[in-house]
Structures are given as structure tokens and as C-alpha cells.
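Below: the structure, in C-alpha cells.
Here is how names work: the chains are called A, B, and so on, in the same order as the sequence lines, proteins then strands, and each is numbered from 1. Model, not experiment: these values are computed from the prediction.
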There are 2 protein chains.
Amino acid sequence: MTVGLALAELIAVLTAVTQGEPKVMTVRRGEALPSGPFELGHRSLQSGLREWVQDQTGHPVGYLEQLYTFADRDRTHESAKRRSISISYLGLVREQAAPGAGKPGWHGWYEYFPWEDHRNGRPAILSDISDQLQAWAAAELPRREHRKRRVEFAFGLHDAAWNEDLTLQRYELMYEAGLVAEAGHGAAEISSGRPMFADHRRILATGIARLRVKIKYRPVVFELMPESFTLLQLQRTVEALAGLTLHKPNFRRLIDQQQLIEETGEVTSETGGRPAKLFRYRHAVLEERALSGSKLPLSRN
Amino acid sequence: MTVGLALAELIAVLTAVTQGEPKVMTVRRGEALPSGPFELGHRSLQSGLREWVQDQTGHPVGYLEQLYTFADRDRTHESAKRRSISISYLGLVREQAAPGAGKPGWHGWYEYFPWEDHRNGRPAILSDISDQLQAWAAAELPRREHRKRRVEFAFGLHDAAWNEDLTLQRYELMYEAGLVAEAGHGAAEISSGRPMFADHRRILATGIARLRVKIKYRPVVFELMPESFTLLQLQRTVEALAGLTLHKPNFRRLIDQQQLIEETGEVTSETGGRPAKLFRYRHAVLEERALSGSKLPLSRN
DNA sequence: CATGATATACTCATCCAGAGTATAAGGAGA
DNA sequence: TCTCCTTATACTCTGGATGAGTATATCATG
């Protein structure tokens, strides 16, 4: 009887937003997510990863949440016929290292998922992608209708609207259809985003999807903001994550009716037009009550 | 340099609802959740658990979802100074084994968490619990206010309303305050529910919380229902999981405006009064579209 | 045939989210 | 200095969803 011995590995999807662009920390020149073995010295998984990231990047991790645990057999480390278990985490950090000295390479989310950014309208690539997916769906007879519905729903075709939360479902469909490079087979004639090592891009998709869902009911955005910020800066950050533009008046209404932030008393005129008030997150006061709220208003435009 | 070798173990929170009561599958006469090593032969974590449960209970698992991965050092299996990683899952099964022959022991959720069942009003135990928690919160000076707010929010004191989703937060607070038996110290003078081995009750709380959240936006309830059912049976099942009573007319409105179910054409008069129409879940048609909907109406009473 | 029980159908008020419009306050350039 | 442009901030309107209550239908039972 074999005992369940396995290699335990930690993988991090570390995200920051700088200049209105969501970034992920990578290694190997953008080809892989940072990862490392889970060592005996660590107190727990959570703290193990925290220490490890601190060492690697010099940045403290604000918010840290477990994503998923994988154990597929087609992973590396299969040297000794041993299984490798990967425990992935989503982490939010406040700032990006000064680009130059630091080794950590930050890359934009949308290099890897160009079809996920709808801030400037529906990306052109989506036409190609959905064409190919529909062809793929129509090809296989047995589960044809089922596939068609999955594609239409995930990509917001026909009557369905684009749903930014379905990042993972979209990637998985494209993977099944052989449209992404990692798959090996198919090799992706269309420009389907930058590939990554092994299943790292899938893990990144998991992280993006999780964060997009989360910002709607938990005030995690503030983990990505500087100490003080304007309302538009906050909105731009949310938009960057969601890959959508928001309705400005409604965004403001929602934010202040939740009382998550307070004025610092200062204003900044670095924004161009009329000077904007600066706000800060009300850490202390809410921490727990905030569990309930924090929705965000979406719009068509 | 230590390599991340660890024992991988699977733990399941298997849930069924019979006669309007939510149950969990246990071993050791209700003292532990079923668990087992993750073996080399398994294709993946998911399928490993699926096979294992099938063997143990004879029931197929309908819905299966990963809950959380733990790796605390105060777990068992610390024989060889080796860490043990526990990957927990939430599984839904349609029926309970005929009580008698089968070994699996099903126990009601609310044996372990009596304060979580509000279907017959606020349980009396909650007065004791919140008294003790407030005393505990008031005792420690430094973070007093913070603790007070956590308790009030989690248990719906003062202005806050009872929120059924906070099962895990409530258990954790009680654990911190030494009100549950697992904590060791304190030994729980009050009847704070049946204890479990190690951190199994915490894992159960995680599963309950996850399921309570999930039924609000995904049609997972149907994994617990028989092929055909009446609307009231469906409502009773949801109420059992949420630990709350629902507003009947609104429940019905919500269900049929989501078009999740369809009439079978038959009726049953086993329910007492006027015979009720039987319905079935529309598996095929929706599977994917259903991703969006499936909320449920809560009420005060 | 009345009564009690459950099933099913409607109505009403409130709140909230999406969408649009209007005014304020700065800077840049004619 | 005045005008225009840009961004910030404030207000209104409408439709739909949600919480809550009420009325009618159809069975079994005494």
C-alpha cells in the first residue's frame, strides 16, 4: 500500500496595479509564476509564502488568500515517480519595485489574456477567438449543443452579456479547443496571448477570476492603493482589475454610501482639471463590518 | 536544504439532507470526518476522493468542490517529523445509506453547531454564548474594541442582523475564546455542541459556510434533491442548509423566474393538504447559464 | 358538508442600481 | 482677463428586484 507522500510546492499569483495597469509578478522573464518548496521551517502555508515573497521581492504582502491546490500527474518533479502538489495563492501588494534594480519582473495581466481587457471596448481578437471556438463546438457531434452554450455564455455572444468573472471558464474553453500555446497541440495560429510554463497561465487565470469576483463584495481593492488617493484613481484601479469601465457617478455613490473611506482634508491638482479631494481607507473602523458590503457598479459603455 | 516532502491527506465534508435535516458523513461514531491518504494510483485529487468515497459509502458524489488546504504543524502523523498536508473537500450526495448495514455514520450538522439552526427562532444557547464572548472581548484591553465589533457582527447582536454565512467566523471566535471543547483549555462549561477530533469541526464549519454562501448564487441544492420533488420540499432543503425559514411566496417566485425547474406533470398528495405538483431540475438546458443566477429570499420570521 | 391543511396566485410598497444631466473649480492659451 | 477645456462633484429619474402581505384553489377528514 502506497502512502501519500508528495512534494509540496507553493505558487503565488502576486498582483499590483501601477499606472492603471494590473500586473503580476513573474520569474524567467515573464514565463513563469514564482514558486518554491514548502519547507519544514515554515510555521504554516500562509506564513511560509509570506516570508518567501518578502525575501524575493522586498515588498510586504498585504492580502493573501489561498486559491487552489493542484496535483495533476503531468507536472514536473516526476523524477522519482513522486507526485507534486502545488498550493497556489493570490497575493496583493501595494507597490511595484522600482524597475531596474529588482529582479522580480512585473508583467501586465493582459499580455497573457488580451481578450480580457474591455476598457476600450470589446477587443478585436475576440472575433477570431469566438469564430474558432464556434467551429470547434460545431465539429464534435455528441455534445455539440452543450459546447455551443458554454461558448456563448462564457464569451457573451448572442443575447448573453460579457461577464468579466468568467476568466477561468474562457481560458479553459480555449485550452480544450487547442487555441492556447501551452497546450502544445494546435500551437495557436491566432495571437492568443503570451504563453507560460506548464499550467501557470491557468493558475493566473484562476487568480484573476477570483479577484474579479472578490472586489465586488469585499474591500480588497484598498490593498492595492497608496495611503491616500482620489476617487478617480480608485475607480481606475477597479476598472483595471475588472477590465471594464464603470459609471462614474454611480461608482462614487456606492463608495461613499458604504463609508469605506474618509477625506484626508487635502486635495491634489495633479489630475488635470479641478483639484480632487484625497481620501484614505478607514482601516480600523470597519475591518469586520466590511465583510458584507463593497459592491461595484458596472456599465455597458 | 530541506525539500518540501509531506504526507498528503484528503478530508471530506460529505453532506446530504434527509427529512429536512442536513447531515454530514462521519467516522469513529461521529467524532471525525472521513479521511484517507492521497495515493499514487489516483489520477487527480478530485478523482481520488471520488473513488474513495464511492468505495466507502456506496453512494456516488454529485457535486464536489475543494474547500481548503491546511498544513498546521500541530496535526497528527508527526511521527517522522514530517509535515502533513490536508486537502479538504465539500461533497454533496443525493441520499443517505439505508441506516443499518452501512458503516458510514450520518450525523446532523446542528449536533455540532446547535447555535447555527435558526429555523425555530434564535436558539436559547446563543444568549450564553454571546454573554461569554462579550466577557472575553471586554477582558483584554489592547484590542478590546476590535474584538467587541467582531463578536457583535458575527453573532448579530445590537443593530447587526444574524448572517447565516458567518458560520466559520463564529466558530473561530468561540475557539479563540476557549468556548469549544477542542480548544482544550476551558473545557466548555456551556453546551457548545459536540466536539470532534483535531480540527475536524473547524473543517466542517468551513464546509457549512461555503455551502450556505454557494446556494445563493449557484443551483447546487438540486444535487441534494431526489429526481422529482415539490416546491415545499425544495424550500425545506434550502432552509435546512441555511438554518433559516424563508418566505414561501417569494421563494416560489424566485425559483420559477430563474427557470431552473420544470413540472413533471405529476402530483403527489403525500404532503397533507392540497396535492402538490412535482418538479424536476432542468439539467441539460441550463448547466452553464445557471452559473449566474440562483439567489434565495431570506426573511425575518 | 364544514373544517383544516397545504398549494398556488396576486398585489403593494420600498429600495436600489443603471443611466443621464447639471454645476463647480482648476489650468492653459488667446 | 476672458474663454475654453478638463476633471470633480452633485442631483434627478426610472425600472426592476425584493420584502411583505393577502386571496383563492384543492385535497383529506370527521
Side-chain angles (χ1 to χ4, degrees), chain A residues 19-20 118 161-165 215-217 228-239 242 244-280 292-301, chain B residues 20 118 161-164 215-217 228-239 242 244-280 292-301:
Chain A
Q19 280 114 32
H118 288 225
W162 176 262
N163 183 346
E164 77 280 4
D165 294 344
I215 50 174
K216 278 172 211 146
Y217 65 99
S228 70
F229 48 85
T230 70
L231 288 176
L232 189 58
Q233 282 165 354
L234 180 63
Q235 182 179 344
R236 293 287 178 245
T237 303
V238 172
E239 288 176 336
L244 288 174
T245 55
L246 303 180
H247 185 93
K248 193 154 145 182
N250 291 351
F251 180 80
R252 300 166 64 92
R253 176 175 62 189
L254 215 56
I255 293 297
D256 70 35
Q257 88 189 6
Q258 290 176 175
Q259 302 189 297
L260 294 172
I261 61 179
E262 62 191 2
E263 301 183 10
T264 66
E266 300 178 2
V267 293
T268 178
S269 36
E270 291 170 8
T271 50
R274 168 175 170 180
K277 289 180 191 167
L278 284 171
F279 293 84
R280 79 168 72 87
S292 45
S294 192
K295 305 170 186 175
L296 47 94
L298 303 175
S299 71
R300 300 279 138 71
N301 187 20
Chain B
H118 288 225
W162 175 262
N163 182 346
E164 76 280 4
I215 50 175
K216 276 172 213 147
Y217 66 99
S228 70
F229 48 84
T230 70
L231 288 176
L232 190 58
Q233 282 165 354
L234 181 62
Q235 182 179 343
R236 293 288 178 244
T237 302
V238 173
E239 289 175 336
L244 288 174
T245 55
L246 304 180
H247 185 93
K248 193 154 145 184
N250 292 349
F251 180 80
R252 300 167 64 94
R253 177 175 62 189
L254 213 57
I255 293 296
D256 70 36
Q257 89 190 5
Q258 289 175 176
Q259 303 190 298
L260 293 172
I261 61 179
E262 61 190 3
E263 301 184 8
T264 65
E266 299 177 2
V267 294
T268 178
S269 36
E270 290 170 8
T271 50
R274 169 175 169 180
K277 290 181 190 167
L278 285 171
F279 293 83
R280 78 167 72 88
S292 44
S294 192
K295 305 170 188 174
L296 49 95
L298 302 176
S299 71
R300 302 280 138 70
N301 187 20

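Put simply, CZ on F251(A) is 17 Å from P on dT7(D), counting in whole angstrom units. Distance R236(B) CZ to dT6(C) P: 9 Å, rounded to the nearest Å. In this structure, the CG atom of L254(B) is 8 Å from the P atom of dG19(D), given to the nearest Å.
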What are the atom names and distances for every N/O pair under 3.5 Å that joins the protein to nucleotides 7-13 of chain C?
unit_1	atom_1	unit_2	atom_2	d
dA7(C)	OP2	K248(B)	NZ	3.1
dA7(C)	N3	R274(B)	NH1	3.3
dT8(C)	OP1	K277(B)	N	3.0
dT8(C)	OP2	R252(B)	NH1	3.4
dT8(C)	OP2	R252(B)	NH2	3.2
dT8(C)	O5'	R252(B)	NH2	3.2

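Scanning all heavy atoms of the two residues, the minimum distance from E239(B) to L246(B) falls at OE2-N, 2.8 Å. When every heavy atom of H118(A) is checked against every heavy atom of L244(A), the shortest pair comes out as CB-CD2, 4.0 Å. Contact between F229(A) and I261(A) at its shortest, heavy atoms only, is CZ-CG2, 4.1 Å. Looking at every heavy atom in both residues, Q235(B) comes nearest to H247(B) through NE2-C, 4.4 Å. In plain terms, the two heavy atoms of L231(A) and F251(A) that are nearest each other are O-CE2, 3.9 Å.
Qualifying side chain to side chain contact (heavy atoms under 4.5 Å, CB included) partners for T230(A), counting only residues two or more places apart in sequence or in other chains: L232(A), Q233(A), T268(A), T271(A), A276(A), L278(A).
Computed from C1' positions of five pairs at each end, the angle between the two local axes of the helix from dC1(C)-dG30(D) to dA30(C)-dT1(D) equals 10°, rounded to 10 degrees.
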**OP:** Mind running side-chain contact (heavy atoms from CB on, under 4.5 Å) on R253(B) and N250(B) for me, showing each step along the way?
**Re:** CA-CA 5 Å; R253(B) 177 175 62 189; N250(B) 292 349; 3.3 Å; yes

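Under 4.0 angstrom from either OP1 or OP2 of dG16(D) there lies no side-chain N or O belonging to Q257(B).
Put simply, CG on L260(A) and CZ on R280(A) are 14.5 Å apart, with the number rounded to the nearest 0.5 Å.
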